[in-house]
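I have placed the structure first, in the form of structure tokens, so that the comments after it can refer back to it.
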Amino acid sequence: MEGVMLNVKALAAMKDMTITELADSCGINPNHLKQVSAGNVTMTGEDLKRLSKFTGVPGENIVTDY
């Protein structure tokens with residue numbers, strides 16, 4: 001996946017999950033992750049680490065702003 005940039009919706013789809021399911025699996029507040037996905041708030045560094053660890057996608061390949 002090197003060089004491929006993925007957003008929250010793409011990460012959820014990659015795992016065949018909803019954003020809520022992805023958030024729950026990563027220990028992230030689902031409402032916060034939905035707001036990140038909508039571009040209304042910025043993802044925290046901790047959220048980025050959790051998403052990266054769960055999905056196997058390097059943090060630098062996860063788009064945090066749109």
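The chain is numbered in sequence order, starting from 1.
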- Message: Do Leu6 and Ile62 make a side-chain contact, defined as non-hydrogen atoms from C-beta onward lying under 4.5 Å apart?
- Response: no
- Message: Could you measure the distance from the CG atom of Leu48 to the CD atom of Glu46? Nearest 0.5 Å is fine.
- Response: 9.5 Å
- Item | Audit row: Phe54, Lys49, side chain to side chain contact (heavy atoms under 4.5 Å, CB included) steps and yes/no | CA-CA 9 Å; Phe54 181 75; Lys49 287 180 194 174; over 6 Å; no
- Item | Close side-chain approach of Thr44 and Val36, heavy atoms under 4.5 Å | no
- Picking from Asp24, Ile19, Thr18, what satisfies side chain to side chain contact (heavy atoms under 4.5 Å, CB included) with Pro30? Asp24
- Got more than 12 heavy atoms from elsewhere within 6.0 Å of CG, Asn40? yes
- Query: His32 and Met43: which non-hydrogen atoms are nearest, and at how many Å?
  - Reply: NE2-CA, 4.4 Å
- To the nearest 0.5 Å, tell me how far Thr42 OG1 sits from Gln35 CD. 11.5 Å
- Item | Distance-only side-chain donor-acceptor flag, Lys15 / Thr55, under 3.5 Å | no
- Nearest heavy atoms of Met5 and Glu60, plus distance in Å: CE-O, 3.4 Å
- Task: Could you tell me whether a side-chain N or O of Ser52 sits under 3.5 Å from a main-chain N or O of Val57, the two making a donor and an acceptor?
- Result: yes
- Query: Shortest non-hydrogen contact from Val8 to Leu22?
  - Reply: O-CD2, 4.1 Å
- Quick one: CD1 on Ile28 to CG on Leu33, what's the gap to the nearest 0.5 Å? 5.5 Å
- Item | Donor-acceptor under 3.5 Å (Ser25 side chain, Glu21 main chain) | yes
